[in-house]
Structure formats: structure tokens, C-alpha cells
Amino acid sequence: MDTTLMLMARYEGRPILPVEVICKDFFPHLTREKFLRKVADGAIKLPLVQIEGSQKSAKGVDLRDLAAYYDERREAARKEFHQLHG
């Protein structure tokens, strides 16, 4: 099954997931501030969507970008596994 479709089912078709949801479900080891810092620094390669131009506006991640990020991380893990275990 396609990752995007699985995430759409999980999040009831919401196109943009708030940063708080992303942190809670995928980065529970990071606070919201640390997550945003890592995204800004490029350590986490996820584009953030700001609903308005204001710095205080809500921030989120497009579900399709999250699916692509997840798939990239999964493929890197599979590659590492095969290198270690043949």
C-alpha cells in the first residue's frame, strides 16, 4: 500500500498536519521548538507550510511531503540493513 494513502487514512484526509501532530506521532523525542530548529537547519528535510506570512501563524507539513520523507528514511534503513546483513 502507498504511504500517502496510509497517512490519508490515518489522518482522515487532512492535507496539512500541524507541527504538534508531526512531533507527537513521528518525533516524540523532540519538542516543537527543537523540531522547528532542526527543520530550519536542514537536519530534518521536511518543508513547512505556513498558513499566513506572519511568524506566529500556524505551521504544518503537507501529508505528501511527510509520506515522501518517511519513504526516504525507510529506504535508507533498508539499504543500511542490506549492507550489514547481506
Side-chain angles (χ1 to χ4, degrees):
M1 181 177 251
D2 182 69
T3 305
T4 302
L5 292 176
M6 288 190 299
L7 289 173
M8 285 177 70
R10 166 75 172 91
Y11 295 105
E12 300 173 345
R14 291 168 43 190
I16 307 245
L17 302 175
V19 165
E20 293 77 17
V21 171
I22 298 295
C23 288
K24 181 174 128 306
D25 292 352
F26 294 94
F27 300 92
H29 60 289
L30 297 177
T31 64
R32 180 183 189 278
E33 290 72 27
K34 284 187 180 182
F35 172 78
L36 291 173
R37 193 173 321 121
K38 285 184 170 245
V39 168
D41 292 344
I44 296 176
K45 294 177 179 18
L46 274 173
L48 288 181
V49 176
Q50 281 193 247
I51 303 308
E52 294 182 67
S54 166
Q55 287 185 339
K56 293 183 179 183
S57 72
K59 293 175 180 67
V61 175
D62 187 287
L63 189 127
R64 295 165 295 185
D65 293 330
L66 178 61
Y69 178 81
Y70 178 88
D71 287 341
E72 288 171 15
R73 299 299 300 157
R74 180 177 177 265
E75 191 55 40
R78 290 174 58 86
K79 183 178 179 182
E80 182 180 341
F81 175 82
H82 288 298
Q83 287 175 345
L84 293 173
H85 303 287

Contacts of Thr31 that satisfy side-chain hydrogen bond (donor to acceptor under 3.5 Å, both in side chains) - sequence neighbours left out: none
From Lys45 atom NZ to Lys38 atom NZ, the distance as rounded to the nearest 0.5 Å: 11.0 Å
Closest contact, heavy atoms only, Ser57 versus Ile51: OG-N, 4.0 Å
Hphob cluster co-occupancy, Val19 + Tyr70, side-chain heavy atoms under 4.5 angstrom: no
Glu33 CD to Leu36 CG distance, which is reported to the nearest 0.5 Å: 7.0 Å
Any Val61 side-chain heavy atom under 4.5 Å of Val21 side chain: no
Tyr11, OH: over 12 other non-hydrogen atoms inside 6.0 angstrom: yes
Within 6.0 angstrom of Arg73 CZ, more than 12 heavy atoms from elsewhere: no
Glu80 side chain reached by Leu84 side chain, heavy atoms, under 4.5 Å: yes
ILVMFWY network linking Leu48 to Leu17, side-chain heavy atoms under 4.5 angstrom: yes
In one Ile/Leu/Val/Met/Phe/Trp/Tyr side-chain cluster, 4.5 Å: Tyr69, Leu30: yes
Distance, nearest 0.5 Å, that separates CD of Glu52 from CD of Gln50: 9.5 Å
Heavy-atom side-chain proximity of Leu66 to Phe26 below 4.5 angstrom: yes
Between CG on residue Leu46 and CD on residue Glu72, distance to nearest 0.5 Å: 9.0 Å
Pairs touching residues 32-58 that satisfy ring-ring contact (aromatic ring centres under 6.0 Å, His included), sequence neighbours left out: Phe27-Phe35
Thr4 side, atom OG1; Met8 side, atom CE - distance, nearest 0.5 Å: 8.0 Å
Arg10 and Asp25, any side-chain heavy atoms less than 4.5 Å apart: yes
Residue pairs involving residues 61-71 (criterion salt bridge (charged side-chain N to carboxylate O under 4.0 Å, His left out); sequence neighbours excluded): Asp62-Arg64
